[in-house]
Amino acid sequence: MKFTLGINIFILDEQTRNAMSSFWAEHSKTATVDDMMLDSNAAELCQAERPEILGILPSLDGKDVLELGAGIGRFTGVIAEKSQSVVAVDFVENFIEKNRELNGHHQNVEFRRADVTKLDFSRDSFDIVFSNWLLMYLSDEEVHKLFLNILSWLREGGSLFFRESCFHRSGDRPRDSNPSKYRAPCDYSALVQSVQLTAEDGKTFGFELVIQKSIQAYVKLKDNSNQVCWILQKVPLNPSACHGFKTFQEFLDNQQYSRNGILRYEKVFGRNFISTGGKETTEEFTALLKLEAGQKVLDVGAGIGGSAFYMAQTYGASVLGVDLSSNMVSIGMERASEIKDNKVQFEVADATKREYPAAEFDVVYSRDTILHIEDKLALFKRFLKWLKSGGKLLISDYCCNDGDHSEVFKNYVAQRGYHLLSPSNYGKVLTEAGFVNVKAEDRTVQFMDVLNRELEKTEQMKEEFIQEFSEADYNYIVEGWKEKLKRCESGDQRWGLFYAEKAK
C-alpha cells in the first residue's frame, strides 16, 4: 500500500544535533545506568519504574518492536524475551555497545547505532515503537517528522509508547550544558496527533490516544509528577464522526476546551474550577460522600483539578483525575506542580476505554462530563467494576426533559456532541448498571440560581475580563450563560445530581 505524507519535509536542525552529540559524548563515558538517567538515585529509580512502564505496554507476545533511544538496554532484554523481534537504536556508541554486551545473547535483537532523524524502515514494519527519553533532545520539526515516520513504520492497530521529561529537568546529576527541550505534555500531544498518512485508496491513518500519565516511580521517590508517558494507537481516521476533526480528543482540545477556552471558563468558575458553581457546589457535593483520609477517588472529567485538589486538601483523599482533553490535564499538572501535593495525579485517557483494576477506588466522582458519552450504561458498568464493595458514585450532569425538544435545543446538542438523558432516565440507567441506593435529583433550580450569579459576576468584571481575554471571549461567556438560562426556562435543559452505591 503506497502512502502520501500529510506534511512538508522539514530541514533538520543541525545545531540541535551537534549540541546533543556533545552532551552525550560527555555523559556516556562509563555507559552506566547513572549516565543514562543523570540521577544520583538512578539504581532505585530504574528498579521502580521499569516494571511500571512494562506493565502498561500492550502485549509484546509475538510482536515486532522498534526501540528508539535504547541506551544501554534497560528495556531491551525484557522486550526481547517476550517479543518476536527487536531493533534497538541509539546514536551514542558507548551506549549501543554496552547494550550489545548485555543483551547480545538474545538472537532476536538487532543493534543499530543511528540518528533517529535519519532512520529509514519500510512501511508496516513494526507492531510497537518504544521510545524512552528521546524527543526532548529533538527540535519541534524533528519530533514532527519522526512521529510521521513512526506512523508509517507501524502496522495498522500498532502502538507507540513514548516517555519524556516535561516542564523541567528531573535528574540531579550536575551538567555544564543541557540541550534538552522541556515541553508541556499538551505540546507533545499536539505534535503526535497532528500527523496523518493517506493511502492511495483514500484510507487515512493517524494516532489515537490510549493513555497519558505520570510515571509513579518518580512521584513516589522524587515527589515529581513531570515524568510523563503516552501510549497511542495507529488507527484509520473518520473526521465525519468527530465533527470534522481526526479524533474526539482533537475536537475537544480545539473547540470548547482550547487553552484559552478553559481559562475563560475558569475566570467565571474560580481558580482551578471549570464546572458549574465552582468551589461552592464542590463543597456541597463532596460533603455527601463522607470522604476519609487515604480513600482513593477516581475523578472522571477532572478538568484542571478543582474538585480533585479540594478533596485531597480537605479530606486527605488520594485522587486520580482523568480527562480526555490534553489541554485540561496540562493545566492541571501545572497547578499540581504549584500546589506541590502529589495526592492528586492526572491522566489523559478515555474513560470508556481505559482499564483500571477491579475494586480499585472508594469513590467515582464526575462533574458535568458524561454528557459527552453516548453509551452511559457501559460506562456505569465500568464504574461499578472499579469501585470497592460499598463504594460511592456521585455525578452532576447536563440533562434534558422527558418530552419533546425545540429545534434550537436539538441543534445546540448536536453542535456540542452531547448525549443527554432526563434526570429520571439517568437514574434508571444507573440502576440497570447494578448500582443500589440510587438517588436521581433534578437540580435545575439550583443550576439557574448559580448561572444568574455567575452571569452577574462576569458582567461586573467586564473590563477586567476583556483586558485578560478579549471582547469576543466576554460576549461568548455572557451570551452562553443567557442561552443556558433560556434553555432551562423553556424546559428543554435540566441539570441532574446523582448518587449511588455499589452493594456491599
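Just the heavy atoms: all of them, side chains too, but no hydrogens, waters or symmetry mates, feed the values below.
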Between [X] and [Y], what is the shortest heavy-atom contact and its length?
X      : Y      : value
Val65  : Phe126 : C-CD2, 3.8 Å
Arg367 : Thr276 : NH2-O, 2.9 Å
Asn103 : Gly73  : ND2-O, 3.5 Å
Trp133 : Ser165 : NE1-OG, 3.3 Å
Cys399 : Phe498 : SG-CZ, 3.8 Å
His419 : Ile373 : CB-O, 3.6 Å

To the nearest 0.5 Å, tell me how far [X] [atom1] sits from [Y] [atom2].
X      : Y      : atom1 : atom2 : value
Asn94  : Glu97  : CG    : CD    : 8.5 Å
Arg183 : Ser330 : CZ    : OG    : 13.5 Å
Ile304 : Met333 : CD1   : CE    : 14.5 Å
Leu320 : Gln216 : CG    : CD    : 8.0 Å
Lys63  : Leu57  : NZ    : CG    : 10.5 Å
Arg112 : Glu67  : CZ    : CD    : 13.5 Å

Looking at the rings of Phe383 and Phe361, which for Trp means the six-membered one, are their centres under 6.0 Å apart? no
Any side-chain to backbone donor/acceptor pair from [X] onto [Y]? Under 3.5 Å, distance only.
X      : Y      : value
Arg113 : Phe91  : yes
Ser122 : Ser125 : no
Glu142 : Ser139 : yes
Lys203 : Pro236 : no
Gln295 : Ser318 : no
Ser337 : Glu334 : no
Asp299 : Gly321 : no

Donor-acceptor side-chain pairing of [X] and [Y] below 3.5 angstrom:
X      : Y      : result
Thr76  : Asn99  : yes
Asp115 : Thr117 : yes
Asn327 : Arg259 : no
Ser214 : Gln227 : no
Ser396 : Asp368 : yes
Ser189 : Gln212 : yes
Asp350 : Thr352 : yes

Mark yes when over 12 heavy atoms from residues, nucleotides or ligands other than [X] sit less than 6.0 Å from its [atom1]; otherwise mark no.
X      : atom1 : value
Lys388 : NZ    : yes
Gln47  : CD    : no
Glu374 : CD    : no

Identify whether the distance between the nearest side-chain nitrogen and carboxylate oxygen of [X] and [Y] falls below 4.0 Å.
X      : Y      : answer
Glu347 : Arg354 : yes
Arg335 : Glu266 : yes
Glu52  : Lys213 : yes
Glu101 : Lys98  : yes
Arg74  : Glu49  : yes
Glu355 : Arg382 : yes
Lys234 : Asp124 : yes

Classify the ring geometry between Phe130 and Phe75 as parallel (under 30°), tilted (30 to 60°) or perpendicular (over 60°). tilted
Hey, does [Y] have a side-chain heavy atom less than 4.5 Å from the side chain of [X]?
X      : Y      : value
Glu432 : Phe380 : no
Phe162 : Leu146 : no
Phe346 : Asp323 : no
Ser225 : Asn342 : yes
Val348 : Trp230 : no
Tyr137 : Lys181 : no
Glu208 : Lys353 : yes
Ile56  : Cys229 : yes

Check the pair Val363 / Leu394 against side-chain contact (heavy atoms from CB on, under 4.5 Å), numbers first and verdict last. CA-CA 8 Å; Val363 169; Leu394 190 138; 5.8 Å; no
By ring-ring contact (aromatic ring centres under 6.0 Å, His included), which residues pair with Phe269, not counting sequence neighbours? Trp481
What do the steps show when you test Leu420 against Phe409 for side-chain contact (heavy atoms from CB on, under 4.5 Å), and what is the final call? CA-CA 11 Å; Leu420 305 183; Phe409 185 69; 3.7 Å; yes
Apply side-chain contact (heavy atoms from CB on, under 4.5 Å) to Tyr426 and Ile395, showing your working. CA-CA 10 Å; Tyr426 213 111; Ile395 299 169; 3.6 Å; yes
Derivation of the side-chain contact (heavy atoms from CB on, under 4.5 Å) call for Asn149 and Leu119: CA-CA 9 Å; Asn149 286 337; Leu119 280 176; over 6 Å; no
If we check side chain to side chain contact (heavy atoms under 4.5 Å, CB included) with Ser83, which of these qualifies: Asp64, Asn108, Asp61? Asn108
